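These values consider heavy atoms only, across backbone and side chains, with no hydrogens, waters or symmetry-generated copies. Nothing here was measured: the structure is a model prediction, and the numbers come from that model. Residue numbering restarts at 1 for every chain, and letters A, B, ... go by the order of the sequence lines.
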Number of protein chains: 2
Amino acid sequence: MRLSTKGRYAVTAMLDLALNGKNGPVTLAEISENQGISLSYLEQLFAALRNKDLVRGVRGPGGGYYLGKSADEISIANIICAVDEWVEFTRCGGRQNCSGGARCLTHTLWDDLSSEIFNFLANISLGDLVRRNLGKKEEEERPLSVVGDSNSQAA
Amino acid sequence: MRLSTKGRYAVTAMLDLALNGKNGPVTLAEISENQGISLSYLEQLFAALRNKDLVRGVRGPGGGYYLGKSADEISIANIICAVDEWVEFTRCGGRQNCSGGARCLTHTLWDDLSSEIFNFLANISLGDLVRRNLGKKEEEERPLSVVGDSNSQAA
DNA sequence: TAATTACCAAGTGAATTACTAGGTAATACA
DNA sequence: TGTATTACCTAGTAATTCACTTGGTAATTA
């Protein structure tokens, strides 16, 4: 699975939409302001999100974007797939002449990893993130319990 | 964690080295031939691997590359970190002015994912892959049991 | 001394990223 | 009806990365 900053931008923008879209549509100009992403780049991202029905645009004054479905029905994987396409790590579908060699071994490895990442992201919805944020606001400034092991440089 | 084709090339090359390096050093020319990677690109990758002591070069006729340590001591994460650098998904180390907003929420998400991927790859060694290959060779042409759920397009 | 190998530096076309510029189309409101 | 506001669309661009090519130098073997 492709994991680029582009996908991160899209997730961030969608989360902004989920958090601020309770009382009407959110304009790209607002998201641009909030998240520091250029308006035109957002337009491109949202064109892709619209194609997958993850958002719904409303034109004219007072317009903007709504989520295309409920936040609980939108997984992070959905969002990333929409903007990044789903690039297969391996290109031989097992059929090629690389069986048994180092090449196909890494193919299997990458397939497994790809599933791992996908499952992780498919099991987290926008709704989950929103609730995580509410929890954070409730406990005021106290930090969330985060993953303990820092994965800094394996030197 | 950065997951590019570059890292995949490196893993593939290292695996080739582990599989064929039993009876002496393996030349980059051989790996280039086996894996279809250009010689000079391999040289660049191996310069990075050498810096992390993952491989050891021997010059002159009959020279080539050895693994820098035993295959069991080299994790896939080690290899990828060597050639891809470890790019943090988040840039604010938690300290920035994005706490509570959509931006920091996705930061936490990406940190978690990063750990997930790292742990997956850190728990697989080159030795594991080699043994997986031997197992494959033993059962001749019968395919390995692979991950069941295909993660093809979430449409 | 010559061949072979690692090792090193610079440059390149293609792709991607994040962005700018410059539009058109639909809608709300005066 | 006209104007502002928003989404929507197309093209182009500087910076970066990828995978590679070119053209070397350094160490070792025979």
Test B:Asn34 against every option in B:Leu19, B:Asn20, B:Thr12 by the side chain to side chain contact (heavy atoms under 4.5 Å, CB included) rule and name the one that passes.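 Exactly one option meets the side chain to side chain contact (heavy atoms under 4.5 Å, CB included) with B:Asn34, and it is B:Asn20.
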Could you list the residues that satisfy side chain to side chain donor-acceptor pair (under 3.5 Å) with B:Ser32, not counting sequence neighbours?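 Result, side chain to side chain donor-acceptor pair (under 3.5 Å) vs B:Ser32: none returned.
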Contacts of type side chain to side chain donor-acceptor pair (under 3.5 Å), residue A:Glu30, not counting sequence neighbours: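 Partners of A:Glu30 under the side chain to side chain donor-acceptor pair (under 3.5 Å) test: A:Thr27.
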Please give, in whole Å, the distance from [N] [atom2] to [X] [atom1]?
X       : N      : atom1 : atom2 : answer
A:Arg56 : D:dC8  : CZ    : P     : 11 Å
B:Asp84 : D:dA19 : CG    : C1'   : 13 Å
B:Leu17 : C:dT5  : CG    : C1'   : 15 Å
B:Leu28 : C:dT5  : CG    : P     : 11 Å
B:Tyr9  : D:dA19 : OH    : P     : 5 Å
B:Glu33 : C:dT5  : CD    : P     : 13 Å
A:Gln35 : C:dC19 : CD    : P     : 12 Å
B:Asn51 : C:dC8  : CG    : C1'   : 12 Å

Considering only heavy atoms, which members of residues 38-50 of chain B lie under 4.0 Å from some atom of DNA chain D?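 When residues 38-50 of chain B is checked for heavy atoms under 4.0 Å from DNA chain D, the hits, listed by number, are B:Ser38, B:Ser40, B:Tyr41, B:Gln44.
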Reading nucleotides 25-30 of chain D from 5' to 3' and marking B where a protein heavy atom lies under 4.0 Å of the base, S where only the sugar-phosphate is that close, and - otherwise, the string is -BBBB-
For [X], which residues count as a side chain to side chain contact (heavy atoms under 4.5 Å, CB included) partner, sequence neighbours excluded?
X        : result
A:Ala18  : A:Leu67, A:Leu126, A:Val130
A:Asp128 : A:Ile124, A:Ser125, A:Arg131
B:Gln44  : B:Tyr41
B:Arg50  : B:Ala47, B:Val55, B:Tyr65

Any pair counted as salt bridge (charged side-chain N to carboxylate O under 4.0 Å, His left out), so long as it reaches residues 53-62 of chain A, sequence neighbours left out: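 Sorted result for residues 53-62 of chain A: empty, none.
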What distance do B:Ser115 atom OG and B:Phe120 atom CZ have between them, rounded to the nearest 0.5 Å?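 Output value for this atom pair is 15.0 Å.
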